[in-house]
Number of protein chains: 2
Amino acid sequence: MHRETLQRYMNYLLLLTKLKSEGRATVTSDELAVREGVTGSRVRQDLSALRILGKPRQGYRIADLEILISSMLDILSAKPVALVGIGNLGRALVLSDIWSHAGFDLVALFDNDPALIGTSVAGLPVRDAAIMERFIQEQGIESACLALPADKAQAVADRLVDAGVRALWNFALIDLDVPAGIIVENQRLEQGLMALSFRIAKRNQDIARGPQD
Amino acid sequence: MHRETLQRYMNYLLLLTKLKSEGRATVTSDELAVREGVTGSRVRQDLSALRILGKPRQGYRIADLEILISSMLDILSAKPVALVGIGNLGRALVLSDIWSHAGFDLVALFDNDPALIGTSVAGLPVRDAAIMERFIQEQGIESACLALPADKAQAVADRLVDAGVRALWNFALIDLDVPAGIIVENQRLEQGLMALSFRIAKRNQDIARGPQD
DNA sequence: CCGCTCTCGGTACCCGGTTATCGATTCTAC
DNA sequence: GTAGAATCGATAACCGGGTACCGAGAGCGG
């Protein structure tokens with residue numbers, strides 16, 4: 001599945017949550033399509049791929065969509081995950097509610113700063129990074145989040161993989177080098193900002209060239 | 001230009017920086033291609049679109065690529081940008097070096113927490129959100145970053161747009177409703193984590209189905 | 001009960017992104 | 001200087017995601 005398709009599913013889910021909160025029970029393919037800048041045909045194909053059936057003149061049942069998309073993304077489970085690096089970014093992530101929304105259960109925090117070790121964030125103790133491997137092995141944790149400076153990320157990633165972690169969510173701006181089969185999802189904040197820069201430049205060019213085109 | 005193409009350019013840039021730091025002066029299309037999981041043909045077309053010329057048996061000059069890709073993304077400029085919301089995420093962003101790397105100059109911080117107003121982060125004073133509109137108008141700031149809870153983001157976005165901001169980098173997990181012509185770049189951390197969840201589920205399925213396929 | 005309308009499900013088509021291919025060019029080796 | 005290898009630039013072929021279209025079924029109005 002292509003990244004863009006996956007993103008559409010996630011956006012459907014976001015929109016469904018909003019619709020449900022408004023009391024809606026069903027939604028048509030065209031409604032979902034407009035928000036994504038895509039046609040109803042595409043939405044129907046997306047949903048058809050998940051074996052979701054709608055009804056003519058009614059649309060799709062929102063509850064069904066939520067369950068099926070969620071289970072495809074496997075965000076209803078509670079995969080244990082560790083977070084390494086309790087800086088500002090790490091703390092922001094700990095305090096957010098994204099973990100459960102994405103099927104994870106944040107169970108451990110690690111840092112190597114003596115001033116932080118032993119403190120708590122959102123009820124979770126910050127543990128000494130020195131015991132990281134042992135803890136991860138004992139708990140059978142297979143996912144980890146790296147909220148570290150770029151120069152420390154590779155070394156920590158190596159240690160995590162050795163300890164049994166098989167999926168990494170990486171915020172450091174480097175290309176992690178990991179063995180085959182280990183999943184790395186890079187969250188490149190910088191790229192979002194660069195994309196914004198590009199879009200601004202493009203808009204300004206377009207305006208300069210022909211405002212009414 | 002499609003999002004994926006844009007991302008390739010940004011990844012080229014990231015790799016070029018790394019290569020340059022290793023002392024390399026030129027790079028071949030195939031080298032760039034491998035990292036992106038794409039063919040040399042595609043890279044050559046990407047670069048050709050920027051009117052970048054390479055030389056047979058040598059490749060492309062890294063310095064040229066950097067300049068041309070950077071100027072396409074307009075990341076060599078220093079567009080003033082304001083950041084609203086000095087929580088953990090906001091602080092992490094202030095302290096990062098992404099702004100200059102993406103062609104922005106972080107010039108103002110805003111929050112409405114009296115305990116924060118007047119303090120400094122990375123040398124920048126946190127200003128009272130009450131004077132946000134005036135400051136932005138006076139300084140001619142056209143870009144802003146929203147590092148706020150979802151329930152406050154829309155209201156702040158409205159105020160910013162009224163004050164003249166025309167591009168938003170939004171970390172709140174909502175679809176901002178803005179007038180036509182205003183650019184919104186959503187940085188959905190949640191989606192990165194969901195994508196990781198999906199990829200883990202998919203890998204586990206693949207392994208269960210046929211390890212050697 | 002009978003059309004009418006709306007929306008789904010499936011199919012065919014289209015377009016653009018990706019790959020493959022080939023001639024052209026330049027560097028290396030001898 | 002010449003042969004050979006490597007790599008670019010351009011073009012053609014391919015492929016798959018996206019769209020358009022059409023028939024079918026479900027609700028609505030009379």
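Per chain, numbering begins at 1; letters A, B, ... match sequence-line order. These figures come from a predicted structure and were not determined experimentally. Computed over heavy atoms, backbone and side chain alike; hydrogens, waters and symmetry mates excluded.
- A donor N or O paired with an acceptor N or O is found under 3.5 Å between the base of C/dT5 and the side-chain atoms of A/R57.
- When heavy atoms are screened at a 4.0 angstrom cut-off, A/R51 is found touching no nucleic acid atom at all.
- Side-chain atoms of A/W99 come within 3.5 Å of backbone atoms of A/L93 as a donor-acceptor pair (strictly under, hydrogens ignored).
- Within 4.0 Å of A/S41, counting heavy atoms only, lies at least one base atom of the nucleic acid.
- Among D/dC8, D/dT19, D/dG27, the nucleotide with an atom closest to any side-chain atom of A/Q45 is D/dT19.
- Summarising the geometry of A/D162 relative to A/Q137, their closest heavy-atom pair is O-NE2, 4.2 Å, with the distance given to 0.1 Å.
- Between the CZ atom of B/R61 and the C1' atom of D/dT7 there is a distance of 17 Å, given to the nearest Å.
- For the pair B/H2 and C/dG16, the criterion of a side-chain N or O lying under 4.0 Å from OP1 or OP2 is not met.
- Few gaps surround CZ on A/R159; more than 12 heavy atoms of other groups in view lie less than 6.0 Å from it.
- Distance CE (A/M1) to P (D/dG18): 11 Å, rounded to an integer number of Å.
- In this structure, of D/dA10, D/dG25, C/dT18, it is D/dA10 that holds the atom nearest to the side chain of B/S48.
- B/R3 places its CZ atom 17 Å from the C1' atom of C/dG17, with the value rounded to the nearest Å.
- Under the 3.5 Å distance criterion, with hydrogens and angles disregarded, no donor-acceptor pair is assigned to the side chains of A/N186 and A/Q191.
- Using a 4.0 Å cut-off, no side-chain N or O of B/T28 falls inside it from OP1 or OP2 of D/dT7.
- In this structure, CG of A/L32 is placed 16 Å from C1' of D/dG18, rounded to the nearest angstrom.
- Proximity of B/Q58 to the phosphate of C/dC27: a side-chain N or O atom is located under 4.0 Å from OP1 or OP2.
- Checking D/dT19, C/dA20, C/dC27 against every side-chain atom of A/V38, the shortest atom distance belongs to D/dT19.
- For the pair A/L50 CG and C/dG9 C1', the interatomic distance rounds to 15 Å; values are reported in whole Å.
- Residue A/S29 places no side-chain N or O under 4.0 Å from the OP1 or OP2 atom of C/dT7.
- Remark: the backbone N or O of B/L193 is not paired with any side-chain donor or acceptor of B/S197 at under 3.5 angstrom.
- Close placement of the B/F110 and B/F135 rings is indicated, their centers lying within 6.0 Å of each other.
- Summarising the geometry, the separation between CZ on A/R42 and P on C/dG16 is reported as 16 Å, rounded to the nearest angstrom.
- Atom CG of B/D46 and atom C1' of C/dT19 are 13 Å apart (whole Å).
- Two residues, A/K55 and B/G54, neighbour DNA chain D, and the one matched to the more 5' nucleotide by heavy-atom proximity is B/G54.
- Distances were taken from every side-chain heavy atom of A/R44 (C-beta onward) to each of C/dG9, C/dG17, D/dG9; the shortest belongs to C/dG9.
- D/dG18 atom P lies 13 Å from atom CG of A/L47, rounded to whole Å.
- The side chain of A/T39 lies closest to D/dT19, out of C/dG9, D/dA10, D/dT19.
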